[in-house]
Amino acid sequence: MFGEIGKLLAVSSVLALAIAGPANAGGKLRILTWDGYADKDWVAQFEKDNSATVEVVFAGSNDEMWAKIQGSQGKDFDIFATAAAGMQRYYEAGLLQPIDLSKIPNHAGQLPQFQDLSKIAGAVHDGKTYLIPYAFSPMTLIYDPAKVNPAPTSWSVMWDPQYKGKVLLYDDGESAFATAAILNGVQTPFI
C-alpha cells in the first residue's frame, strides 16, 4: 500500500512503567508489556545481574493489557509498560501501587520533560507517584506521496471518500480516542 518512501504526520504519547501488584516473593519479576519491549538479551542480563527470574507476558494492545491486569486485579504482574494516557483507569480501579522514587535513583537522569511528574497525566495522585515515564511514542499517519496528493495536513484525510477502503488504523481504544482528539484540534491529546 505504501511506496518505498512514505511520509508521516506524528504526535507523541508518553510510555510509562507502573507497578501493578505487590512485589512477588522468590526473586521473580512478572512483566506485562508489548512485544519488543523486553528483548531476550535484556531479560537474560537482568536475571544475571539480579539473581532473579523474569516472566514476560506480551499484550498486543492497550485494551488487551487493561483486560489482563483487570482480570487478575493486578496479581499476575509486578510491573507493566503502557501509554501514560490510559493510567487514570488503572488508578481508579485500585490496580496500581505507589512507587518510591528514592529507590529509583536513575529517575534524576531522565529527560528534563520527565522530571516534573506532576505534568505527566496519571503519574501522581494524592502526592504519590504511580508511573515512571521513559519514552515518547509517536502516533503516525504514514502515506505514499505518489498516491496521496496533496500531502495531508490533517488526520481528517483518513475520512476522505477517495481513500475509502484504503486506510489502516490501529485497533485500540486509546489510539482511536487520541486520533479523534487530534482530528478535533486537541493539540496535546495525551496530557
Side-chain angles (χ1 to χ4, degrees), residues 11-40 42-43 46-47 50 52-108 110-111 113-139 169-182 186 188-191:
V11 294
S12 294
S13 64
V14 177
L15 299 178
L17 294 175
I19 299 174
N24 186 20
K28 184 185 297 183
L29 179 63
R30 302 162 305 164
I31 301 172
L32 176 63
T33 191
W34 297 294
D35 192 28
Y37 283 70
D39 294 338
K40 289 181 182 182
W42 174 84
V43 169
F46 181 89
E47 288 176 326
N50 294 282
T53 301
V54 176
E55 291 179 0
V56 180
V57 174
F58 296 105
S61 70
N62 289 324
D63 292 336
E64 181 182 353
M65 195 169 291
W66 166 250
K68 287 180 182 292
I69 292 177
Q70 188 182 37
S72 72
Q73 292 296 294
K75 292 179 178 76
D76 289 344
F77 308 102
D78 300 309
I79 191 168
F80 66 106
T82 191
M87 293 303 293
Q88 183 68 27
R89 67 179 170 179
Y90 291 96
Y91 175 77
E92 289 174 355
L95 298 172
L96 299 175
Q97 300 291 318
I99 298 170
D100 182 352
L101 288 177
S102 72
K103 295 182 180 177
I104 306 176
N106 289 345
H107 172 63
Q110 285 187 287
L111 294 171
Q113 55 267 53
F114 294 155
Q115 293 297 310
D116 184 354
L117 295 176
S118 68
K119 292 183 179 178
I120 306 292
V124 179
H125 292 279
D126 299 323
K128 296 179 182 174
T129 300
Y130 286 89
L131 67 83
I132 301 294
Y134 67 91
F136 286 106
S137 173
M139 285 188 57
L169 183 64
Y170 187 59
D171 187 16
D172 181 91
E174 289 178 19
S175 296
F177 178 81
T179 301
I182 292 165
V186 175
T188 54
F190 304 103
I191 295 177

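From a predicted model like this one, the values you see are computed outputs, not experimental measurements.
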Short side-chain to backbone donor-acceptor contact, Q110 and P133, under 3.5 Å | yes
Could you tell me whether the side chain of R30 and the main chain of V57 form a donor-acceptor pair under 3.5 Å?
-> no
Taking atom CG of L32 and atom CG of D78, what is their separation to the nearest 0.5 Å?
-> 11.0 Å
For the side chain of Q73 and the backbone of Q70, is there at least one donor-acceptor N/O pair under 3.5 Å apart?
-> yes
I79 and T33: side-chain contact (heavy atoms from CB on, under 4.5 Å), yes or no, with the steps?
-> CA-CA 9 Å; I79 191 168; T33 191; over 6 Å; no
Establish, from distance only, whether the side-chain atoms of D63 and S61 form a donor-acceptor pair under 3.5 Å.
-> no
Supply the atom-to-atom distance F80 CZ to M87 CE, rounded to the nearest 0.5 angstrom.
-> 4.0 Å
Rounding to 0.5 Å, atoms CD1 (I99) and NE2 (H107) come to a distance of 10.0 Å
Identify the heavy atoms of W66 and A93 that sit nearest to each other, and give their distance.
-> CH2-CB, 3.9 Å
Point-to-point distance, once rounded to the nearest 0.5 Å, from CD1 of I69 to CG of L96 | 8.0 Å
Side chain to side chain donor-acceptor pair (under 3.5 Å) involving Y91 - partner list, sequence neighbours excluded | D126
When rounded to the nearest 0.5 Å, the distance separating CG of L95 from NZ of K75 is 9.0 Å
Could you grab the distance from atom CZ of F77 to atom CG of L29, nearest 0.5 Å is fine?
-> 11.5 Å
Taking the six-membered ring for Trp, are the ring centroids of Y130 and Y90 within less than 6.0 Å of each other?
-> no
